[in-house]
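Quick note: numbers below take in every heavy atom, side chains included, and nothing from hydrogens, waters or symmetry partners. Residue numbers begin at 1 in each chain, while the letters A, B, ... track the order of the sequences.
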Amino acid sequence: MKTTFIFLVCSVFLVNSCKGNISFSDNGIIESIESETALLKRSYQNDTLLINFQEKVMNAFVNAKISKSDKGLVDLEKALLNLNKDNNNGIIVYWYSYTCYYHSILLMTEKENKSSEKILDEGIIQLKNVSNLNSEHLALLALMESFSIQYASGIETPFISKRVKENAEKALQLDSLNLRAYFVLGSNDFYTPEKYGGGKKAASYLTKAIRLNDQSIANPYMPTWGKNSAYELLIRLYIRQKQFTEAKKYYQEAISLFPDDYMINKLSKDLIN
Amino acid sequence: MNTIKLILTIILLHSVNLIYSQPLVIRGHVSDKQRNNLFAVNVFLLKQNTIGSVSDMDGNFALKITDPKTILGEHLVFSFIGYETFKIAFDSINYMVPLNIVMTENMQALNGVVVEGRKSISREFSIKEMDKLKIYFSPLASADPLKAVAMLPSSTNTSETANPELRGSSANRTKVFLNGVPVSNPVRNSQINGIGFFSLFNPELIKSMFVYPSNPPLIYGNTSAGMIDIETEDKLESNNYQISASLATAGISASQKISEKSFIQLYGNLMFSKGFLSVNPEINKQLKSFNSNDIGLNYHRVITDALTLNIYNYLVSESSDVLLNLFTWNDNAKAKTIRDFSVMNLKYQKSKNNISFNAGTNFSSSDFRFGNISSEVNQRQIYLSLNYKYLFSEKLYFQTGLSNEYGKFDFKDQVPVFYYAMSPASPSFQSDSLLKNNLPETYAYIRWKPVNSIIWGVGLRKNIDLFHTKNPDYLSWQTNLRYNFMNSHSLLFSVGKYSNITEPNFSYEEFRMLSANHFALEYLFETKKTNINLAAYYKSETGDTTGNRKIKGFEVYLEHTITRTLKASISNTILNSDIGSNEKLYNSENNVGYFLVTTLSYFNPKVINASVAWSTRQGRFFTPVSSAVYNPGIDFYQPVYSESINSERIRNYNTINLSLNKTLTVHKSSLIVFLSIFNVLDTKNPKSMIYSKDYSAGSFDYYQKRSVYFGCVLSI
């Protein structure tokens with residue numbers, strides 16, 4: 001009996017120890033490890049959708065290209081809208097707009113320009129409605145507005161370009177280490193014709209973008225995009241300016257960091273030529 | 001007993017083991033100062049920042065530390081975009097209770113509020129915001145900021161000049177402010193009918209222009225109608241040089257960075273009539289010549305991170321010679337003016353406090369001669385204002401300040417004895433007067449955004465008896481409410497009482513107080529392709545020598561981008577304006593049943609940019625001369641006006657204007673070539689009546705006939 005009791009006590013501690021958790025409640029009573037595990041599980045269940053969401057969008061985008069169906073992206077948009085009904089959170093809206101952006105790119109590649117424009121506008125409107133836009137919101141807004149230029153009338157083009165710049169600059173005022181804001185500024189300057197003052201600052205912005213970290217502290221809910229695109233644009237800029245030594249230098253850096261990036265790989269042809 | 005000891009020993013050993021070798025979970029909650037849960041906050045160890053967690057949507061977090069030894073000498077860090085990073089030493093953590101972390105917005109986020117706070121506190125109640133680009137792209141505005149305003153539906157200008165007349169009120173009630181300083185008479189060569197169509201402002205200097213067609217914000221004073229608030233550039237993107245030449249002007253403009261913290265903008269124009277009048281001999285046979293030379297300079301410097309200085313100076317010399325008809329006398333009217341206008345702004349901004357000191361001077365000497373009239377006026381005006389703005393939060397701003405407007409007008413006039421007899425031989429008398437006035441005022445303005453969709457503004461402005469002036473006592477007040485809904489819609493309701501003191505002029509040599517009550521309800525709808533504005537307003541104006549005015553107006557404006565290259569707009573204003581006394585009201589001269597403006601713009605830089613506008617409205621009312629009485633002593637007839645004031649209407653006004661431009665690339669420079677044709681159909685639009693000597697026969701003076709204007713601008 002005694003042996004059984006000792007065995008039971010030891011077993012409980014042993015099992016609990018193996019689970020590797022201990023917690024303290026408000027009353028200072030040691031709670032069961034089970035309840036702690038439950039807390040962790042609850043946290044992640046609520047927010048599972050948002051973890052590494054950027055990757056989910058990319059996967060849905062690639063699947064959509066292969067399957068010729070945008071269902072995956074539509075499902076993500078719906079899931080985010082549902083989640084936001086209960087929470088109304090700026091991060092959810094961020095990912096909703098980001099999904100809209102990729103959805104818009106997909107539709108554009110399918111030559112469905114009207115639908116592409118519509119979903120892009122929807123993403124932009126939702127993003128603009130976030131109260132207290134933070135640096136990441138503003139960088140994404142600038143990116144999406146920049147993409148919208150292709151659907152704008154000639155009269156509107158310079159106004160949108162100006163807004164892109166203003167939003168990206170504001171993003172940097174709020175977070176001077178935001179590589180995505182630098183990337184958008186570089187991209188905007190890259191695509192602005194020389195006679196309208198473009199092409200002068202792209203190299204400087206893009207170089208800053210590639211030297212910054214994706215995130216200061218790894219956070220699965222926050223974005224990491226931008227660096228590979230900044231590399232790609234910087235290499236294209238140097239190719240355009242016929243500065244091939246610089247172009248090759250950045251290509252080598254880029255390919256070692258992003259060996260599977262389709263757009264960067266594609267540049268090798270231009271460099272060889 | 002032994003068994004119990006054994007159990008206790010096992011428990012004790014296990015506890016020790018737990019403390020030193022078993023994982024710990026630190027739990028807690030993160031919120032902001034407003035008690036909002038913060039999602040996605042990074043929670044990590046300072047030195048070993050790979051050990052971390054993230055808060056969930058309810059702001060809860062649980063950080064698992066597998067090896068508790070790692071916390072020795074460590075700090076727990078909380079960081080989130082837009083918030084101050086928060087650190088807490090593990091030694092000071094009580095593991096027995098969940099942590100409750102309150103994060104504060106960081107200075108960078110605060111800077112966002114501060115950047116917003118730098119902008120005008122009342123800008124959300126303006127109906128139109130235009131920047132440099134919008135001015136350049138405004139159809140038929142010829143890159144003139146005030147001409148761009150004249151294309152807005154709220155412009156009820158019937159004089160073809162750039163002088164702003166908004167929502168039925170006269171130009172002397174409307175004010176233009178440059179960097180917070182009022183600009184008296186913002187139009188060049190304004191003495192000449194139909195020629196004062198260039199404003200003083202170079203679009204290259206302009207960062208933004210806010211238009212308030214009624215209910216002017218009380219952070220500025222001395223206006224009882226609309227207001228235009230112009231702000232100059234505070235950042236120069238790149239150096240820019242322009243050379244321009246046209247039928248009537250030659251100009252240069254240079255914007256140059258001096259250092260990272262300062263830049264200078266310089267421009268100058270020569271305006272001459274010879275080329276314009278020789279290409280357009282029929283435009284206006286009464287116009288003999290006009291000339292002006294001007295030079296403007298804007299200097300901006302960031303002295304410290306908190307302190308900026310901007311100095312603007314503008315010097316203009318202008319002259320004109322025009323055949324003028326006043327009553328029955330037809331003669332050359334010659335005018336000359338030399339004027340210096342300057343504005344200085346010192347702005348200090350630290351954290352949520354914003355202090356600005358604005359100073360402006362306007363010195364001018366003018367000379368006007370016509371028949372037996374001569375008028376020399378020396379005008380001195382000095383404006384000073386000190387303003388303090390505090391940003392309680394991004395939702396609540398407060399601004400207060402003091403201002404004084406000093407004016408000194410020295411008139412040396414030769415005035416006709418009989419107002420209808422103006423030949424050089426007709427009797428006149430010398431009438432000299434020196435008028436001075438100070439107008440010290442104080443104000444307070446609150447802008448509150450209780451929720452994201454509602455913005456509320458309240459302002460008070462009061463004159464103060466600082467210099468024992470004879471100005472009547474007055475209190476101006478206003479409130480504005482803006483409701484933004486369904487992403488693209490806005491409703492704006494404004495009501496207020498406003499006052500201003502007019503500047504003396506040749507006709508009325510006195511400082512006179514004007515006041516007005518305004519009610520306006522506006523609806524704005526804006527999407528990427530479509531803009532709709534509706535406005536209904538009521539104004540009652542008192543103080544004018546012509547009587548009190550009651551104005552009811554309704555505006556509708558629709559703008560739509562039809563294709564990628566084609567944009568159209570249509571606007572109409574119904575202006576029911578009456579003038580008179582409480583006993584009897586008459587039609588006001590600008591009472592029009594419709595004021596229709598339609599534009600069509602084609603924009604294709606590879607081919608051409610073209611805009612065409614058709615403006616039509618009912619003609620102005622006037623009081624006919626019913627008979628005349630001969631005065632043998634001076635050989636002039638005195639007109640006797642009909643008792644029915646403003647009982648007749650001039651024929652409807654109708655004009656079509658066309659503007660074309662093309663941008664060419666020359667090396668790395670751009671050359672813009674432009675052509676404008678005003679009144680394409682050469683319509684004879686009557687402006688006012690001209691009478692024969694005995695008033696028995698009448699004809700019309702006309703607005704500008706067809707004119708062609710072309711030129712080019714080279715940007716380097």
Side-chain angles (χ1 to χ4, degrees), chain A residues 2 5-6 9-10 13-14 17 20-28 36 39-40 42-44 46-47 50 83 87 89-92 117 121 125 128-129 131-136 148 151-156 158-159 162 170 173-176 194-197 200 216-222, chain B residues 3 6-7 10-11 14 17-18 22-25 27 39-40 42 44 49-50 52 54 56-58 60-62 64 66 79 81-82 95-98 108-109 111-112 115 131 133-134 137 237-238 394 452 487-488 527-529 561 563-567 601 603-605 609 663 665 668-670:
Chain A
K2 282 177 192 167
F5 180 69
I6 291 164
V9 171
C10 292
F13 278 98
L14 189 66
S17 302
N21 275 316
I22 192 163
S23 67
F24 303 89
S25 76
D26 293 357
N27 302 322
E36 185 52 53
L39 168 73
L40 287 171
R42 184 171 61 79
S43 303
Y44 280 91
N46 275 349
D47 316 328
L50 295 175
L83 189 61
N87 297 285
N89 188 288
I91 294 176
I92 303 172
E117 185 184 0
D121 287 347
I125 287 170
K128 279 182 178 171
N129 281 340
S131 56
N132 300 338
L133 290 171
N134 65 32
S135 178
E136 293 295 355
S148 77
Y151 300 125
S153 68
I155 302 169
E156 288 167 317
F159 298 103
K162 189 168 178 260
K170 209 168 155 191
Q173 277 175 352
L174 297 179
D175 178 7
S176 57
E194 258 185 42
K195 67 177 171 183
Y196 300 120
K200 290 172 189 162
S216 339
I217 294 292
N219 186 323
Y221 298 118
M222 299 303 279
Chain B
T3 308
L6 180 63
I7 292 168
I10 291 168
I11 291 171
H14 187 83
N17 181 42
L18 277 176
Q22 293 306 306
L24 276 178
V25 174
R27 291 191 303 155
F39 170 47
N42 294 304
F44 56 95
N49 61 20
T50 51
V54 180
D56 70 8
M57 220 164 267
D58 302 321
N60 295 318
F61 67 89
K64 187 168 78 176
T66 318
S79 80
I81 182 168
Y95 304 111
M96 306 296 279
V97 289
Q108 281 155 333
N111 281 344
V115 168
D131 58 12
L133 268 178
K134 282 190 179 162
F137 279 88
E237 288 296 330
S238 55
E394 60 163 333
N452 223 16
N487 299 325
S488 319
T527 62
K528 237 169 72 175
K529 291 190 174 162
T561 303
T563 67
R564 291 193 66 180
T565 53
L566 210 57
K567 192 176 192 175
S601 299
F603 189 87
N604 188 345
N609 304 325
T663 305
T665 306
K668 287 186 178 180
S669 309
S670 68

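When side chains are defined from C-beta on, A:M222 does not count as touching B:N42, because their heavy atoms never get closer than 4.5 Å.
Checked against side-chain hydrogen bond (donor to acceptor under 3.5 Å, both in side chains), B:T565 has the following partners two or more places apart in sequence or in another chain: B:T563. The ring-ring contact (aromatic ring centres under 6.0 Å, His included) search around A:Y151 returns none, not counting sequence neighbours.
Interatomic distance, CG of B:L133 versus NZ of A:K162, reported as 6.0 Å (0.5 Å rounding). One finds the CZ atom of B:F39 at 6.0 Å from the CG atom of A:N89 (value rounded to the nearest 0.5 Å). Taking NZ of B:K528 as the reference point, atom CG of A:D121 lies at 3.5 Å (rounded to 0.5 Å).
Comparing A:I217, A:N134, A:L133 by how many heavy-atom pairs each has under 4.5 Å with chain B, the most go to A:I217.
Heavy-atom distances place the side chain of B:D131, and not its backbone, under 4.5 Å from chain A. For chain B, no part of A:K128 is nearby; none of its heavy atoms comes within less than 4.5 Å. Only the side chain of A:I92 comes within contact range of chain B, with heavy atoms under 4.5 Å apart. With a threshold of 4.5 angstrom between heavy atoms, A:N129 approaches chain B through its backbone and through its side chain. The part of A:E156 that comes within reach of chain B is its side chain, from C-beta onward, which places non-hydrogen atoms under 4.5 angstrom from that chain.
At least one donor-acceptor pair under 3.5 Å links the side chain of A:N219 to the backbone N or O of B:A40.
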